[in-house]
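Written out below as structure tokens is the structure these notes cover.
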There are 2 protein chains.
Amino acid sequence: MEQLEKAVEQPLLEECEASCHGTEADLRTIRAQMLDEPSIAEMAEWFKALGDPTRVKLIGALLQQELCVHDLSVLLEMGQSAVSHQLRYLRNVRMVKRRKVGKTVYYSLDDAHIAEIFHVTYEHLKHK
Amino acid sequence: MEQLEKAVEQPLLEECEASCHGTEADLRTIRAQMLDEPSIAEMAEWFKALGDPTRVKLIGALLQQELCVHDLSVLLEMGQSAVSHQLRYLRNVRMVKRRKVGKTVYYSLDDAHIAEIFHVTYEHLKHK
DNA sequence: GTATCATATGAGCATATATTCATATGTTTT
DNA sequence: AAAACATATGAATATATGCTCATATGATAC
């Protein structure tokens, strides 16, 4: 019990020879190749944005073409407010951009890579 | 006010000519090409699994090589329990699998596509 | 057997999320 | 000007999430 619940306060890697694994020597190497914190945060934020059914639907629809809030609301069968909130979310992470024409606002994808990531993932899930 | 807050109860697409957009006619077409609910749920679940810094770190480490819980705990500088919980999460969505050797359990990626998705996304975020 | 180690798990808690409701903002029409 | 429309936003609420703590399980060593 107790063991490494406080891993944080250890010298880290220095006294790890006493542990369970067969990789003692090169935890340091692995660590050196790990992503830095900012990159990790960005990755997570990006995936999280796609990690919700409503947002997946929005992206999926916009993958086809630019659409206004109202149409998205109809397509998703959701209230205008909910759709608007999620569009703001997607806008904040720069997955989506908007274009105003009179009183209506058209949304479209703001990133070429989304399609790629989306498709790779979809194909993956299909062949599994 | 009130407008389409109840989009759900509409005939949908039938009486949409009265709305804001310029795409009235083919909302039906767009809808036809949208992903079905199960696929959407799977996509979201998949992305959600990657949508957390801790899990991104775990995947990132396992991308390099198989590792036991203890080593992951040291690498991430997190308690063993937290790591174990997240590993279970990743196992539930089949991103990760385990191999027992005595009392230690080695985790590794359970999916070839993860690396691809991970790298595409990372490259994307870097060049932005 | 007992002790120790590596991992897993359930409960509890604090925070984050997604949606709804009511209302605000900004635009067009009359 | 007022009315109607399209979208945005803040507050409230219900649910989900991630971590910690304590403890359980399962394996090895003594």
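Every chain is numbered from 1, with letters handed out A, B, ... down the list of sequences.
- For the salt bridge (charged side-chain N to carboxylate O under 4.0 Å, His left out) test, no residue two or more places apart in sequence or in another chain qualifies with A/Arg91.
- Taking the nucleotide of DNA chain C with the nearest heavy atom to each of B/Arg91 and A/Gly102, the more 5' of the two is matched to B/Arg91.
- Between the P atom of D/dA11 and the CZ atom of A/Arg88 lies a distance of 11 Å, rounded to the nearest Å.
- Taking the 5.5 Å centre cut-off and the 30° plane limit, the aromatic side chain of A/His85 is not classed as stacked on C/dT19.
- Between A/Gln86 and C/dT19, a side-chain N or O to OP1/OP2 separation shorter than 4.0 Å is present.
- Contacts with DNA chain D (heavy atom under 4.0 Å) in residues 42-58 of chain B: B/Lys48, B/Asp52, B/Thr54, B/Arg55, listed by number.
- Geometrically, A/Arg99 does not engage A/Tyr107 in a cation-pi contact, judged by NZ or CZ lying under 6.0 Å from the ring centre and within 45° of the ring axis.
- Rounding to the nearest 0.5 Å gives a distance of 12.0 Å between CZ of B/Phe47 and CZ of A/Arg55.
- When the nucleotides D/dC19, D/dA6, C/dA8 are ranked by their closest atom to the side chain of B/Arg98, C/dA8 comes out on top.
- Under the 4.5 Å side-chain criterion, counting only non-hydrogen atoms from C-beta, A/Leu27 is in contact with B/Leu67.
- Considering only side-chain atoms of B/Lys100, the nucleotide from D/dA27, D/dT9, C/dT19 that sits closest is D/dA27.
- With rounding to whole Å, B/Met78 atom CE is found 13 Å from D/dT17 atom C1'.
- One N or O donor and one acceptor, one from the side chain of B/Gln80 and one from the base of C/dA8, sit under 3.5 Å apart.
- Identified under the side chain to side chain donor-acceptor pair (under 3.5 Å) test for residues 35-49 of chain B, with sequence neighbours left out: A/Lys57-B/Glu37, B/Asp36-B/Ser39.
- Regarding B/Leu76, its CG atom lies at a distance of 12 Å from the P atom of D/dT20, rounded to whole Å.
- Distance B/Asn92 CG to C/dA8 P: 12 Å, rounded to the nearest Å.
- In this structure, A/Tyr107 reaches the D/dA8 phosphate: one of its side-chain N or O atoms is under 4.0 Å from OP1 or OP2.
- If you measure from atom NZ of B/Lys103 to atom C1' of C/dA3, you get 11 Å, rounded to the nearest angstrom.
- Nucleotide D/dG18 holds its P atom 6 Å from the OH atom of B/Tyr89, rounded to whole Å.
- We find that the ring of A/His70 and the base of D/dT7 do not stack by the test of centres under 5.5 angstrom and planes tilted less than 30°.
- Cation-pi geometry between A/Arg98 and A/Tyr106 is not satisfied (NZ or CZ under 6.0 Å from the ring centre, within 45° of the ring normal).
- For the residue pair A/Val96 and A/Leu62, the shortest heavy atom distance occurs at CG2-CD1, 3.6 Å.
- A/Leu72 has its CG atom 17 Å from the C1' atom of C/dT19, to the nearest Å.
- Evaluation of atom-type donor-acceptor distances gives a pair under 3.5 Å for the side chain of B/Ser81 against the base of C/dT9.
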